[in-house]
Number of protein chains: 2
Amino acid sequence: MKYSASKENYLKAVFHLQQAQGTVSTNALAAAMQTRAASVTDMLKKLKSQKLLQYERYKGVKLTAEGKRLAIHIVRKHRLWEYFLVDKLGFGWEEVHEMAEELEHISSKKLIDRLEEYLGFPDTDPHGDPIPDNQGRMRVSKAVQLQELPVRTTCIISHVGDQSAEIMELLNHLRLTIGTRLEVKRKFSFDQSLEVMLPDESLITISQHLSSNLFVKPEKNLALSGPES
Amino acid sequence: MKYSASKENYLKAVFHLQQAQGTVSTNALAAAMQTRAASVTDMLKKLKSQKLLQYERYKGVKLTAEGKRLAIHIVRKHRLWEYFLVDKLGFGWEEVHEMAEELEHISSKKLIDRLEEYLGFPDTDPHGDPIPDNQGRMRVSKAVQLQELPVRTTCIISHVGDQSAEIMELLNHLRLTIGTRLEVKRKFSFDQSLEVMLPDESLITISQHLSSNLFVKPEKNLALSGPES
DNA sequence: AAAATTTATTAGGCTTGCTTAAAATAGATT
DNA sequence: AATCTATTTTAAGCAAGCCTAATAAATTTT
Ligand SMILES: [Mn+2]
Ligand SMILES: [Mn+2]
Ligand SMILES: [Mn+2]
Ligand SMILES: [Mn+2]
């Protein structure tokens with residue numbers, strides 16, 4: 001069975017939205033797809049008739065097992081192509097999302113499996129998001145928002161919360177990328193901004209907007225660690 | 001300006017057909033596109049209104065300079081992706097045409113220029129067809145049909161006449177590929193078949209149908225070469 | 001040159017994916 | 001409970017790309 005690029009994009013959008021919310025609203029989908037609610041309703045009827053999602057009018061929407069399987073396969077293709085573009089063709093992580101948005105619709109399963117092998121079975125894409133394997137299995141991230149860490153915690157940047165070139169432009173400027181180690185030095189209650197220390201011991205300030213979109217893996221909490229001998 | 005995959009396919013088909021014939025007929029295009037003549041007429045009107053081709057009813061069709069420029073760019077993408085699939089991902093030359101038929105519609109110009117660089121600026125695709133450069137320049141092949149060579153000529157296979165998996169299946173079986181050196185030993189007037197010698201001195205028979213789809217570059221004509229001392 | 005045949009175009013209709021405007025339903029407010 | 005408001009659906013229509021059937025033009029045959 002082959003589906004249009006438009007249907008694949010809808011499935012992917014429902015998949016991402018139902019990670020955050022449980023069930024997905026028509027308006028949320030319209031916003032994500034940059035289209036109108038009426039168009040979404042039309043498409044939901046079609047996808048329902050193909051048994052790719054559960055949908056009752058006025059009740060929101062959820063993927064079926066088959067819909068989810070397909071959505072994950074699109075995500076897999078998207079992330080493998082992004083990895084290719086950065087790792088092999090030398091693009092910056094802020095440039096690749098748009099191209100992957102097209103490449104993810106190339107249909108050959110064999111092509112994507114060969115590409116994955118060629119790339120050396122990468123675990124995550126250039127933005128730190130996990131790449132599903134060819135069975136659709138996907139590692140679950142234990143990362144938390146940088147915003148939520150207490151002062152004096154050391155952590156490593158694991159992924160970014162959205163795919164916009166804007167957030168990556170800012171991170172490039174601040175010399176922050178996936179894998180960068182940070183220590184949270186101060187939190188300002190006035191605007192929820194953070195002061196963090198980089199590996200070179202320089203200090204930078206991070207807005208609440210940015211820190212809520214930066215996901216990190218905590219390393220250790222210096223405040224709670226026992227005294228060194 | 002961005003064009004649909006369908007329009008790009010039409011432009012490419014007109015381009016290939018007008019290489020052989022000068023001007024292209026509606027029916028020839030319908031056959032090449034695997035569609036109906038009525039659909040072709042519809043599309044020709046649209047492409048004409050976009051000034052991509054010259055078209056007068058009942059008079060056939062020819063690309064404009066802009067149409068040709070676009071068509072060559074699609075051909076460039078098609079062949080670079082084919083090269084990638086064979087050289088980097090290890091596909092056989094008989095497997096890649098279908099995938100390239102989709103990949104050629106990926107729009108990013110920067111992507112294809114980076115890919116070309118990554119591949120080392122190949123001259124020809126896996127089937128021996130020339131790859132246009134990023135200015136649309138394309139080497140002209142001096143190859144001739146194997147069928148046309150006189151007996152005792154040595155030659156090197158330069159490209160195949162169509163993109164079907166069937167011809168490549170046969171060539172794989174006969175251990176013939178781009179770059180293989182052949183000597184025409186005999187021509188049979190009954191069915192126009194040829195007997196040719198391979199580099200390992202084995203002899204094989206080649207049908208007229210195959211030899212008219214095999215393009216070669218003549219090396220030297222042994223019959224005319226002077227006596228060795 | 002007329003007739004027959006081939007080739008191409010027009011007419012009318014279908015599906016997909018989208019739009020705006022109007023109507024219906026659900027949820028919140030009084 | 002009635003009313004207001006936000007959300008969602010329905011209705012009607014458009015463009016792209018295809019189809020079949022009918023018609024017209026060009027070409028070949030007689
Ligand atoms: Mn992405
Ligand atoms: Mn996409
Ligand atoms: Mn194509
Ligand atoms: Mn080719």
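The basis for the numbers below is simple: all heavy atoms, side chains too, and nothing from hydrogens, waters or symmetry mates. What you see is a predicted model, and the numbers here were worked out from it, not measured in a lab.
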> Which of residues 6-38 of chain A sit near DNA chain C, with a heavy atom under 4.0 Å from it?
Replying inline: A:S6, A:K7, A:Y10, A:T35, A:R36, A:A38
> To the nearest angstrom, how far is A:Y3 atom OH from C:dT15 atom C1'?
Replying inline: 17 Å
>> Check this for me: does any side-chain nitrogen of one of B:E66 and B:R69 sit under 4.0 Å from a carboxylate oxygen of the other?
In response: yes
>> From OH of B:Y58 over to P of D:dT28, roughly how many Å is that when rounded to an integer?
In response: 16 Å
>> Is there a salt bridge (charged side-chain N to carboxylate O under 4.0 Å, His left out) between A:D113 and A:R76? Walk through the geometry before answering.
In response: CA-CA 10 Å; A:D113 290 345; A:R76 166 172 161 80; 2.7 Å; yes
> Would you say B:S39 reaches D:dC19's phosphate, i.e. side-chain N/O to OP1/OP2 under 4.0 Å?
Replying inline: yes
> For A:S4 and C:dT16, is the shortest distance between a side-chain N/O and OP1 or OP2 below 4.0 Å?
Replying inline: no
> Got more than 12 heavy atoms from elsewhere within 6.0 Å of NE2, B:H16?
Replying inline: yes
> Between A:W81 and B:F84, what is the ring plane arrangement, given parallel below 30°, perpendicular above 60°, and tilted in between?
Replying inline: tilted
> How close or far is atom P of D:dT8 from atom NZ of A:K48, stated in whole angstroms?
Replying inline: 16 Å
> Under the 6.0 Å and 45° cation-pi test, does B:K88 pair with B:Y118?
Replying inline: yes
> Expressed in angstrom and rounded to an integer, what is the separation of B:Y55 atom OH from C:dT7 atom P?
Replying inline: 16 Å
> Atom CG of A:L44 to atom C1' of C:dG17: distance rounded to whole Å?
Replying inline: 13 Å
>> Quick one about B:H105 and B:N9 (side-chain donor to acceptor, distance below 3.5 Å, no hydrogens or angles considered), yes or no?
In response: yes
> Base, sugar-phosphate, or nothing for B:K45, non-hydrogen atoms under 4.0 angstrom?
Replying inline: sugar-phosphate
>> What is the separation between atom NZ on A:K59 and atom P on D:dT7, rounded to the nearest whole Å?
In response: 19 Å
> Expressed in angstrom and rounded to an integer, what is the separation of B:R57 atom CZ from D:dT23 atom P?
Replying inline: 17 Å
>> Just the rounded figure in Å: distance from P of C:dT9 to CG of B:D42.
In response: 10 Å
>> Under the rule for ring pair (Phe, Tyr, Trp, His ring centres under 6.0 Å), what residues qualify as partners of B:H97, not counting sequence neighbours?
In response: B:H78
>> Of the listed nucleotides (C:dC18, C:dA8, D:dT9), which one gets closest to any side-chain atom of B:T41?
In response: C:dA8
